There are 2 protein chains.
Amino acid sequence: MIKKKFSSSVEDYLEAIYFIGKERGSVRTSDIAFFLKHKPPSVTEMLDKLSKKGFIKHEKYGTVSLTLQGMRIAEEVSGRHNTLISFLELLGVDRGTAEIDACKMEHILNRRTINRLRRFVEFVQRAPKEPEWLEHYKHFVKTGEHLECKSEGTK
Amino acid sequence: MIKKKFSSSVEDYLEAIYFIGKERGSVRTSDIAFFLKHKPPSVTEMLDKLSKKGFIKHEKYGTVSLTLQGMRIAEEVSGRHNTLISFLELLGVDRGTAEIDACKMEHILNRRTINRLRRFVEFVQRAPKEPEWLEHYKHFVKTGEHLECKSEGTK
DNA sequence: AAAAAATGTTAGGTTAACCGAAAAATTTAA
DNA sequence: TTAAATTTTTCGGTTAACCTAACATTTTTT
């Protein structure tokens with residue numbers, strides 16, 4: 001049922017509206033322009049498109065809000081975003097880079113791939129205890145060497 | 001240093017030329033069109049652009065070959081592709097989906113992110129023995145449950 | 001409440017990357 | 001060695017997503 005595909009841009013706008021709405025309460029053209037680093041005319045244009053598609057309500061010279069359908073999409077995208085951020089940070093990617101890359105990946109990855117990534121994140125987060133191998137991985141990233149579990153400390 | 005950024009499309013074409021060249025020896029417009037599932041006029045247009053940028057040699061009505069610079073880029077992209085494929089398959093994403101998603105990710109991810117992913121792949125592949133946690137992860141994907149070190153025993 | 005400032009929209013333009021139809025060159029076959 | 005078939009290019013479109021400049025509306029002073 002939820003199989004339609006939207007452009008990266010459409011998803012970005014819906015996500016931005018969703019995010020700004022949560023942060024600031026109301027959402028206006030300039031907020032979106034600022035958030036997405038686009039110019040106001042581009043925003044107006046896209047808002048028209050999103051209105052026609054039924055994803056938002058937009059009163060001229062006024063505020064923007066998500067319809068139910070728009071909200072559904074925005075939450076879906078936002079969920080992917082969060083999964084990706086968590087995943088990238090697990091891997092030791094810095095916050096800034098993680099944000100940038102998550103924003104791109106969230107639009108292109110297959111559902112199955114995202115699911116695997118989410119599973120991976122859950123696997124780590126819900127582990128009964130802090131998994132050793134993650135420490136080992138981080139060591140490996142730094143040094144390129146495997147420090148073997150019990151026998152030897154490479155150091 | 002390799003700091004320039006090319007469009008996804010440019011990278012796709014160079015990668016395709018690289019790949020076809022290795023597979024079939026010579027590369028022609030129709031090969032690329034088939035490979036990328038584009039129409040010949042699109043290919044001709046892009047070949048002109050790539051020629052002007054100095055990434056390929058292309059004789060009219062003839063064959064295409066990568067210049068040194070083009071080769072360098074193609075190899076770089078192809079390397080990213082391989083890293084991504086390996087990574088996705090580690091995570092249990094099926095071949096087909098992995099191919100599709102790798103082809104998209106390879107153009108957008110930050111170098112740092114790719115490096116982390118490569119490290120991750122190496123971490124697993126170069127481990128002295130098959131890491132247990134990978135088994136545990138796969139179990140977790142299937143069942144949603146941790147079969148954790150109750151008494152230490154998989155094997 | 002009128003002028004000034006800020007914000008939003010309209011109109012027109014640009015660019016990248018695709019396309020189909022038709023022309024041109026090359027290759028194949030009769 | 002011409003004619004037919006195939007491949008490649010040229011030419012003219014299309015679309016999405018951006019932009020600037022100019023105009024319209026709303027909000028904020030004074």
Side-chain angles (χ1 to χ4, degrees), chain A residues 4-17 20-21 23-66 70 73-74 77 100 103-104 106-108, chain B residues 4-17 20-21 23-66 70 73-74 77 100 103-104 106-108:
Chain A
K4 262 220 137 189
K5 218 322 205 175
F6 310 106
S7 73
S8 296
S9 192
V10 164
E11 290 187 350
D12 274 336
Y13 273 86
L14 293 175
E15 197 183 9
I17 293 162
I20 296 164
E23 289 264 303
R24 261 141 280 211
S26 81
V27 184
R28 340 191 89 264
T29 298
S30 53
D31 297 325
I32 301 170
F34 178 79
F35 186 87
L36 292 178
K37 299 191 175 80
H38 292 166
K39 302 298 172 189
S42 308
V43 176
T44 301
E45 186 180 52
M46 179 57 93
L47 292 183
D48 283 351
K49 187 185 293 185
L50 296 177
S51 288
K52 274 176 197 136
K53 286 183 189 279
F55 298 159
I56 62 169
K57 286 288 177 219
H58 177 215
E59 323 180 356
K60 243 178 208 180
Y61 294 99
T63 59
V64 179
S65 59
L66 293 167
I73 299 166
V77 177
I100 293 168
C103 282
K104 293 177 189 154
E106 69 193 14
H107 307 301
I108 61 171
Chain B
K4 263 218 139 185
K5 219 323 208 171
F6 310 106
S7 73
S8 295
S9 192
V10 163
E11 290 187 350
D12 274 338
Y13 273 86
L14 293 175
E15 198 184 8
I17 294 163
I20 296 164
E23 287 266 304
R24 261 142 281 209
S26 81
V27 184
R28 345 190 87 265
T29 298
S30 51
D31 297 325
I32 301 169
F34 178 78
F35 186 88
L36 293 177
K37 299 191 176 80
H38 292 166
K39 300 300 172 190
S42 309
V43 176
T44 301
E45 186 180 50
M46 178 58 93
L47 292 183
D48 281 352
K49 187 187 292 186
L50 296 177
S51 288
K52 275 177 196 133
K53 286 185 189 277
F55 298 159
I56 61 168
K57 286 290 178 216
H58 177 215
E59 321 178 0
K60 244 178 207 178
Y61 293 99
T63 60
V64 180
S65 59
L66 293 166
I73 299 165
V77 176
I100 292 169
C103 281
K104 294 178 189 152
E106 69 192 16
H107 306 300
I108 61 170

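Note that the structure is predicted; figures quoted are calculated from it, not measured. Chain identifiers are assigned alphabetically (A, B, ...) following the order of the sequence lines, protein sequences preceding nucleic acid strands; residue numbering begins at 1 within each chain.
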side-chain N/O B/T29 vs D/dT9 OP1/OP2, d < 4.0 Å:
yes
Phosphate-side-chain proximity, A/H58 and C/dG8, N/O vs OP1/OP2 below 4.0 Å:
no
Which whole-number value in Å describes the distance from B/I32 CD1 to D/dT9 P?
9 Å
Go through the steps to decide whether B/M46 and B/V10 satisfy the test side-chain contact (heavy atoms from CB on, under 4.5 Å), and finish with yes or no.
CA-CA 8 Å; B/M46 178 58 93; B/V10 163; 4.0 Å; yes
Could you work out how much the helix from C/dA1-D/dT30 to C/dA30-D/dT1 bends, comparing the axis of its first five pairs with that of its last five, to 10°?
0°
Taking the side chain as every heavy atom from C-beta outward, state whether B/I108 and A/I108 have any pair of such atoms under 4.5 Å apart.
yes
Can you tell me which residue pairs pass the side chain to side chain donor-acceptor pair (under 3.5 Å) test with a partner in residues 36-47 of chain A, sequence neighbours excluded?
A/Y13-A/H38
Polar atom pairs (N or O), protein with nucleotides 16-20 of chain C, under 3.5 Å:
from   : atom 1 : to    : atom 2 : distance (Å)
C/dA17 : OP1    : B/S7  : OG     : 2.6
C/dA17 : OP2    : B/K49 : NZ     : 2.6
C/dC18 : OP1    : B/H38 : NE2    : 3.4
C/dC18 : OP2    : B/S9  : OG     : 2.7
C/dC18 : N4     : B/E45 : OE1    : 3.3
C/dC18 : N4     : B/E45 : OE2    : 3.3
C/dC19 : OP2    : B/K39 : N      : 2.9
C/dC19 : OP2    : B/S42 : OG     : 2.5

Nucleotide D/dT8, atom C1' - distance to CD of B/E59 in whole Å
14 Å
By side-chain contact (heavy atoms from CB on, under 4.5 Å), B/S51 pairs with (sequence neighbours left out) B/I56, B/H58
Measure the distance from CG on B/L47 to C1' on D/dT10 and round it to the nearest whole Å.
14 Å
Distance-minimising heavy-atom pair for B/A74 and B/L66:
CB-CD1, 4.1 Å
A/Y61 OH to D/dT25 P: how many Å, rounded?
5 Å
Please state how far atom NZ in A/K60 lies from atom P in D/dC23, giving the value in whole angstrom units.
17 Å
Which atom of B/C103 lies closest to which atom of B/D12, heavy atoms considered:
O-OD1, 4.4 Å
Check side-chain hydrogen bond (donor to acceptor under 3.5 Å, both in side chains) between B/D31 and all other residues, then give those that pass, not counting sequence neighbours.
none
Does a side-chain N or O from B/R28 land closer than 4.0 Å to OP1 or OP2 of D/dT7, or not?
no
Given A/L47 and A/I17, is the side-chain contact (heavy atoms from CB on, under 4.5 Å) satisfied, shown in steps?
CA-CA 10 Å; A/L47 292 183; A/I17 293 162; 4.2 Å; yes
Under the side-chain hydrogen bond (donor to acceptor under 3.5 Å, both in side chains) test, residues paired with B/E15 that sit two or more places apart:
none
At less than 4.0 Å, is any side-chain N or O atom of A/S30 found next to OP1 or OP2 of C/dA6? Yes or no.
no
